[in-house]
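Encoded as structure tokens, the structure appears first; notes follow it.
Computed from a prediction, not measured in an experiment: that's the story for all the values here. Numbers restart at 1 for each chain; the letters A, B, ... are given by sequence-line order, proteins then strands.
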There are 2 protein chains.
Amino acid sequence: MTTSTVEDYLKCIYQESQRSGNSLISTGQIAAGLKVAPGTATAMMKTLADSGLVSYEPYSGVRLTPEGARLATHVLRRHRVVELFLVQVMGMNWSEVHKDAELLEHDVSDRLIDRMDEMLGRPTVDPHGDPIPSARGVLKEKDYPSLLLCGLRAPLRVVRVTDQETGFLLFLEGHGIMPGNRIEVLSRDEAADSLMVRPESGKSFSLGFRAASKILVETVA
Amino acid sequence: MTTSTVEDYLKCIYQESQRSGNSLISTGQIAAGLKVAPGTATAMMKTLADSGLVSYEPYSGVRLTPEGARLATHVLRRHRVVELFLVQVMGMNWSEVHKDAELLEHDVSDRLIDRMDEMLGRPTVDPHGDPIPSARGVLKEKDYPSLLLCGLRAPLRVVRVTDQETGFLLFLEGHGIMPGNRIEVLSRDEAADSLMVRPESGKSFSLGFRAASKILVETVA
DNA sequence: TTTAATTTTTTGATTGATCAAAATTCATCT
DNA sequence: AGATGAATTTTGATCAATCAAAAAATTAAA
């Protein structure tokens, strides 16, 4: 019933809400996120509103209805289960699975997703540390600090990387930065807009604040 | 570039050619095969012809160009590799994988197909015995006789079932008719439009000619 | 060889998704 | 408050895919 384009819009709205911490999303954000013309996003918001998937207030923005959120988390679940499957079962690299998952998320049947989920042992996070919504669509986002806000010179564990670009992920992997790995932030320099990271295994290196903000960690006991 | 609808049309033309043994396919056959209105098929044939994927002669029919055939076999390869993967790796039943593969065939990347192909040990046939085209698009269809034409009271091996309907496949499985299994045709009755089959393991049973024509076998030495 | 039946193509319309560019509304800054 | 700039919505068009129904061509039958 719902087309794959609609799924993309819902997913975008959901993730934009998550990221910004605000459930009201402007058509401009959506247009930028999906790389479509502003008018295209506006038009789509009207049809989504007609389908009861978002509530739309002109010049203000949209927000997902419960039904819209349900669909969005289901797409997200499919995406993340597929990503983990590609890494765990198919032996692909975490840096290269996003694009494939982006395509498959629209066409993998629930039956197949559940089969994957089962094979993977009902996992809770994907290869980037992104949480996997339950089959019922429940998603619990934990609030981890990024390298910008965590403690200095304290043992940390990488729990999540909020970027899907292959190049960036390969760079991180090359420096030993992957979910599960231990690292430490040696210093931060506001003026230089950069900080020094020391991975457990590997040489310490510097990271710009923008990149650092995408690496989420938890303190190790 | 090529849309998933176009892939469906090419696949349909390819399979219809295969089935009928004639490379010239009428728009009516295509419309019937894809369950679209006749005019829709005609319109699509014009656009396929404009793209150089078929040669189209009004009121006569179409035939795939080399490029069209290349695309068609690639879709077929993806479909069949996925089907086998679903059975072999995901543990699904051969009777239920067609629908899933139908969806996935359009979105699984070549990289991923090759990964599956490798995991499966470069197989040559899918769970129904349908041959899998090579990565270069070469497909060799062997010409097996059906239960209608094979020898009577001779040991046979099922090599292929040319139908994808879950109900039919489950019926066959229930009677021990699956690619690889041994069977024997006990008798044929033209008037009754049916024949008796004896599977190696299981009771003998009768089968209508129409159903029997979908079961291809080879003689066992 | 005309007629009838079947198949194919045309025609006219619709739906979903998109864009560019014009018009409108909103917010901000003197 | 008025003007300016930015964001948003409208408008007018296009493209892909589809349908129903009318028109044309082909094939088969009488």
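Contact annotation: B/K35 side-chain N/O to D/dT18 OP1/OP2 distance is not under 4.0 Å. Between C/dT9 and B/K46, no contact under 4.0 Å exists linking OP1 or OP2 to a side-chain N or O. Here B/T42 does not reach the OP1 or OP2 of C/dT8: none of its side-chain N or O atoms lies under 4.0 Å away. Contact between the side-chain N/O atoms of A/T3 and the OP1/OP2 oxygens of C/dA17 is found at a separation under 4.0 Å. Between A/Y56 and the phosphate of D/dT9, there is a side-chain N or O to OP1/OP2 separation shorter than 4.0 Å. A/T40 has no side-chain polar atom (N or O) that falls below the 4.0 Å cut-off from OP1 or OP2 of C/dA17. The phosphate of D/dA7 has neither OP1 nor OP2 within less than 4.0 Å of any side-chain N or O from A/S26. Between D/dT18 and B/Y9, a contact under 4.0 Å exists linking OP1 or OP2 to a side-chain N or O. For C/dT7, neither phosphate oxygen OP1 nor OP2 lies less than 4.0 angstrom from any side-chain nitrogen or oxygen of B/T27.
Heavy atoms of B/G39 sit under 4.0 angstrom from at least one base atom.
One atom, CE of A/M45, and another, P of D/dT9, lie 10 Å apart when rounded to the nearest Å. To the nearest angstrom, C1' of D/dA16 lies 15 Å from CD of B/E7. With rounding to whole Å, A/L53 atom CG is found 13 Å from C/dG16 atom P. Rounded to whole angstrom, the span from the CE atom of A/M44 across to the P atom of C/dC19 amounts to 11 Å. Rounded to an integer number of Å, the gap from A/I25 CD1 to D/dA7 P is 16 Å. Distance, A/L24 CG to D/dA7 C1': 14 Å, rounded to whole Å. The separation between B/L48 atom CG and D/dT18 atom P is 11 Å, rounded to whole Å. The CD-P distance, from A/E57 to C/dT25, rounds to 15 Å in whole Å.
With a 4.5 Å cut-off on side-chain heavy atoms, A/L195 and A/L148 count as touching. Residues A/I13 and A/V62 are in side-chain contact: their nearest non-hydrogen atoms beyond the backbone lie under 4.5 Å apart.
For A/P58, counting side-chain heavy atoms from C-beta on, the closest listed nucleotide (D/dA24, D/dT9, D/dT10) is D/dT9. Comparing D/dT18, C/dC19, D/dT9 against the side chain of B/A43 picks out D/dT18 as the nearest. In this structure, the nucleotide among C/dT9, C/dT25, D/dC19 sitting nearest to the side chain of B/A37 is D/dC19. Taking the side chain of A/Y59 as heavy atoms from C-beta on, and the options C/dC19, D/dT8, C/dT9, the nearest nucleotide is D/dT8.
Residue-to-nucleotide proximity on DNA chain C shows that, of A/V36 and B/G61, the 5′-proximal contact is made by B/G61.
Taking the six-membered ring where tryptophan is involved, the planes of B/H175 and B/F205 are tilted, since the angle between them lies from 30° to 60°.
Ring centers of B/H128 and B/H98: at least 6.0 Å apart, outside the cut-off.
Note that CD of A/E96 and CG of A/L170 are 8.0 Å apart. Values are rounded to the nearest 0.5 Å.
Not one N or O on the side chain of A/S194 forms a donor-acceptor pair closer than 3.5 Å with the backbone of A/G208.
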